[in-house]
Number of protein chains: 2
Amino acid sequence: MAKVVKAEMDLSTEEKIKEAASKVFTKKGYGNARTRDIAEEAGINLALLNYYFRSKEKLFEVIMAERIQKLFGILTPILNDSDTTLQEKFVKITESYIDMLNEHPDLPIFVLSELRNDPERFADRIQAKTHLTKSVFVKQLQEKGTEIHPFHFLMNLLGMIIFPFVGKPILQTVTGGEENYPALMEQRKKLIPEWLNMMLAKA
Amino acid sequence: MAKVVKAEMDLSTEEKIKEAASKVFTKKGYGNARTRDIAEEAGINLALLNYYFRSKEKLFEVIMAERIQKLFGILTPILNDSDTTLQEKFVKITESYIDMLNEHPDLPIFVLSELRNDPERFADRIQAKTHLTKSVFVKQLQEKGTEIHPFHFLMNLLGMIIFPFVGKPILQTVTGGEENYPALMEQRKKLIPEWLNMMLAKA
DNA sequence: GTCTATAGCGCGATAGAC
DNA sequence: GTCTATCGCGCTATAGAC
């Protein structure tokens, strides 16, 4: 059996609080979340929350840093990998993101919404060490001789991957929720890289 | 001169409150917004807010309904227009959305984030009278004989249009904000319909 | 480390004068 | 209709016993 189990019962108290906080913050956002909700979710007393983390604010910063890392940690290593082609990068990014987002569908809307509330605060958490401009990804794009700005490709890639999760509530009401969402996402794993290759070929 | 001026000074008090509430809610979200902020922004007293609208909650519902209409009102009339081709629909939707989002960049993240907090509550506000399945848009797609589910096209369209606005804080930190964002969006008005036509041709 | 009890205060809402 | 003043709740945070 694996050492790390999902619904582990004997986590340290600190870990239990972080798990609970992550869940409650991600679902409700900072402003709507109550420390009492988090304490109850963690199965501990409210006072303990302030014992381990100094305040709701501090706890939030810890969680937020983790969530940002979860959302963007995927991207930069792949973009800067010299051993893969552009096409392989498209596939890797698409598959990694869709798998991750299937498990954490509320993650993007949470992070993006909280970032908007205070854009300066977490800016340094996102910045890759190397700017995108100097990435292997951009170099490879330029070798293709495309006139289209590399940014468009990144926007299209992330937009086509992430938007279906962010826009799920709307898209579902428009169709009456009669869609098989997981199956559609599985299809997109193959389709998105194909579409990006087409954009690349044409450009 | 136009009768309706942007920074009109002599709006009715009710309108001033709605303007202010729209601004504050959209910027901060429901949970982080304070009724005192809204009153100050409107240049009126806090008590008046409860005089015109019964509560923060009620005021929010009014604003939310308007914002949802703003975000999705564009879509369905175009999708159900029998007088335009698919290609023309791509162009119309792209241009209308980018123009609107340039003026209201915080709109999508606000609506999507609040919808996630309470998906049931505003579901009826979004539902088009006719389901997407029965729309002219889907009929036209089916006539093309594509095997790809119509939903993918809608996701790609909305994703490529809306994501750059939603993800602006991230995308900017990745590049160091050295991009000319408005110019990129202007380019996308032409590029997105082209990309969608390619997807259509290949499918 | 973990609990109970409570301090302290910001918030939404209202009473009541004008 | 619009204001000032204030209520009272619910929240975060802390004191203090165990």
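Note that this is a predicted model, so its numbers are computed, not measured. Naming convention: chains lettered A, B, ... in sequence-line order (proteins, then strands); numbering from 1 in each chain.
Residues from residues 28-39 of chain B that place a heavy atom under 4.0 Å from any atom of DNA chain D: there are none. Near DNA chain C, meaning a heavy atom under 4.0 Å from it, residues 50-64 of chain A has A:Tyr51, A:Tyr52 in order of number.
The residue B:Leu46 sits close to a base: some heavy atom pair falls under 4.0 Å.
Counting heavy atoms from C-beta on, the side chains of B:Ile68 and B:Met64 come closer than 4.5 Å. The side-chain heavy atoms of B:Leu191 and B:Met160, taken from C-beta on, include no pair separated by under 4.5 Å. Residues A:Asn102 and A:Phe165 have side chains in contact (heavy-atom distance under 4.5 Å, counting atoms from C-beta outward).
Panel note: side chain B:Tyr181, backbone B:Pro164; a donor-acceptor pair is recorded below 3.5 Å. Looking only at distances, no side-chain donor or acceptor of A:Lys28 sits under 3.5 Å from a matching main-chain atom of B:Asn117.
Atom NZ in A:Lys16 sits roughly 13 Å away from atom P in C:dG1 (whole-Å rounding). Computed from coordinates, the A:Leu49 CG to C:dG1 C1' distance equals 14 Å when rounded to whole Å. Distance, A:Asn45 CG to D:dC11 C1': 15 Å, rounded to whole Å.
Across all their heavy atoms, A:Leu49 and A:Ile17 have their closest contact at CA-CD1, 4.1 Å.
Relative orientation of the A:Tyr30 and A:Phe25 rings is parallel, given thresholds of 30° and 60° on the angle between their planes.
At least one test fails for B:Lys18 against the ring of B:Phe53: distance under 6.0 Å to the centre or angle within 45° of the axis.
With D:dT2, C:dC3, C:dT14 as the candidates, the nucleotide lying closest to the side chain of B:Leu48 is D:dT2.
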